[in-house]
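Atoms within a ligand are numbered from 1 in the order they appear, just like the ligands themselves.
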Amino acid sequence: MNTSATHKPIKSYSSQELTELLKSYRQPSYRANQLVQWLYQRGVSSYDDMTDFPKALRQQLADNHPLFSPSIEDKQVSSDGTRKYLLSYHDGSLVETVGIPSSERLTVCFSTQIGCPMGCVFCATGKEGFTRNLSVGEIIDQVLVVQSDFGKRVTNLVGMGQGEPFLNYDAVVAALDIINSKKGLGIGARKITLSTCGILDGIRKFSEVREQYTLAVSLHSARQEVRDTIMPHVSSQPLNSLYKELLSYIEKTKRRVTFEYTLISGLNDRQVDLEALLHYCRGLLCHVNLIRLNDTPNSLFHPSSETTTHEWKEVLERHGIETTIRISKGSDIFGACGQLKNARA
Ligand code: SAH
Ligand code: SF4
């Protein structure tokens, strides 16, 4: 590897790649673990702080692999305690991340891309278009920012911020690997959920991952024509193929899949929609998470009524499908699902 010519930021490397990089610098094997600890446990922002590294190595790394840390451009605090951060990365890119406290937990909803290319019509991020993928460290840094601002350990993670995780698969899974690892943040795999709009090859690869992460799939309709209208860019990955992919995921991992279903009045909340969902869930080890649509600026869509939402839950459960209704936190600061779009207060 011609390391010196790359000038690749150090936080773009996976744990495995850091090991190879330090090996190429003829460093002992424990050095890679130390580097991960400095970067992601102690969260240092300069090589000078890595006091147990030889000076020459620090210099070599600084010359060849810039070390960047995000800054907090803006922070908003919801009446329910949720905090939304607008982070700025070294190239000026902005991204939002959300910290959601509850009695025993601190959950981070992290972003995986700047913007999103999928263009789902009800989602504020989708309306922004896509700028770039986030790197491994840019993803992990979101967790560190929340942890340090709250002054307590993050316990849970959901990949439900800006972007489509499976369009940035390698960086996202490499970030989870460090977040999960004892030498990184040590957050249990079972406390980590990734949400995808249904990128099939991502689901396939994710089924090979050994760690017990949870997979959530944004279904939003089990009727192809409706789904194509509200999630136009996943139309090439149809519901029947998604079904087969999920069957195989469940068989391989023995893990339950969560379906996210955002209820939009008059669009995907009719009797035929419910019947289609019941039919789709048949034979799949799944759990349904109903979400009442959150407001986005200038949106043409409205949430389904509370009555409809509760009726859906009742019917689904009567058919043996475990169902929850997501209580959206932070909606007064536009920090809830689908509301993230880099706005300042
Ligand atoms: N791109 C991924 C993850 C980010 S979106 C995905 O789509 O799954 C996280 C969740 O918020 C998804 O289920 C998404 O469909 C949902 N969502 C988007 N806009 C929303 C809105 N306005 N109200 C409620 N949920 C929304
Ligand atoms: Fe992207 Fe998810 Fe929003 Fe769709 S819902 S535009 S996939 S972030």
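For the pair E164 and F130, the minimum side-chain heavy-atom distance is 4.5 Å or more. In this structure, I187 and V154 have side chains that are in contact, with non-hydrogen atoms separated by less than 4.5 Å. Within the 4.5 Å cutoff, no side-chain heavy atoms of P9 are placed close to those of S135.
Comparing heavy-atom distances from atom 3 (Fe) of ligand 2 across G119, G161, C123, G198 singles out C123 as nearest. Here atom 10 (C) of ligand 1 lies nearest to E260 when heavy atoms of E260, Q113, Q162, E164 are compared. Across S195, G161, G126, heavy-atom proximity to atom 4 (C) of ligand 1 is greatest for G161. Of the candidates M160, H220, M118, H220 brings a heavy atom nearest to atom 15 (O) of ligand 1.
Looking only at distances, a side-chain donor or acceptor of S46 sits under 3.5 Å from a matching main-chain atom of D48.
Cation-pi geometry between R31 and F53 is satisfied (NZ or CZ under 6.0 Å from the ring centre, within 45° of the ring normal). A cation-pi arrangement is found for K8 relative to Y13, the charged atom lying closer than 6.0 Å to the ring centre and inside a 45° cone about the ring normal.
Atoms of ligand 1 lying under 4.0 Å from any heavy atom of T196, numbered from 1 in the order shown and given with element: 6 (C), 8 (O). Those atoms of ligand 1 with a heavy atom of L293 less than 4.0 angstrom away are 21 (C), 22 (N), 23 (N). Listed by number with element, the atoms of ligand 1 under 4.0 angstrom from any heavy atom of C197 are 6 (C), 7 (O), 8 (O). Near M118, meaning under 4.0 Å from any of its heavy atoms, are these atoms of ligand 2: 1 (Fe), 7 (S). Atoms of ligand 2 lying under 4.0 Å from any heavy atom of G163, numbered from 1 in the order shown and given with element: 8 (S). Below 4.0 Å from some heavy atom of G126 lie the following atoms of ligand 2, by number and element: 6 (S). Proximity to F122 (heavy-atom distance under 4.0 Å) selects the following atoms of ligand 1: 15 (O), 17 (N), 18 (C), 19 (N), 20 (C), 21 (C), 22 (N).
Counting only residues at least two apart or in different chains, ring pair (Phe, Tyr, Trp, His ring centres under 6.0 Å) contacts with residues 147-171 comprise F166-Y169, F166-F206.
Aromatic ring centres of Y261 and W312 lie closer together than 6.0 Å.
Checking only distances, G163 does come within under 3.5 Å of ligand 1, N or O to N or O. Considering backbone and side-chain atoms together, N294 places an N or O closer than 3.5 Å to an N or O of ligand 1.
Within the 4.0 Å heavy-atom criterion, both parts of C120, backbone and side chain, lie near ligand 2.
Atom 1 (Fe) of ligand 2 has an N, O or S atom of C116 under 2.8 Å away, backbone or side chain.
Here the CZ-CG distance, from F259 to L215, works out to 9.0 Å after rounding to the nearest 0.5 Å.
Applying the side chain to side chain contact (heavy atoms under 4.5 Å, CB included) test to D177 and every residue at least two apart in sequence or in another chain returns S15.
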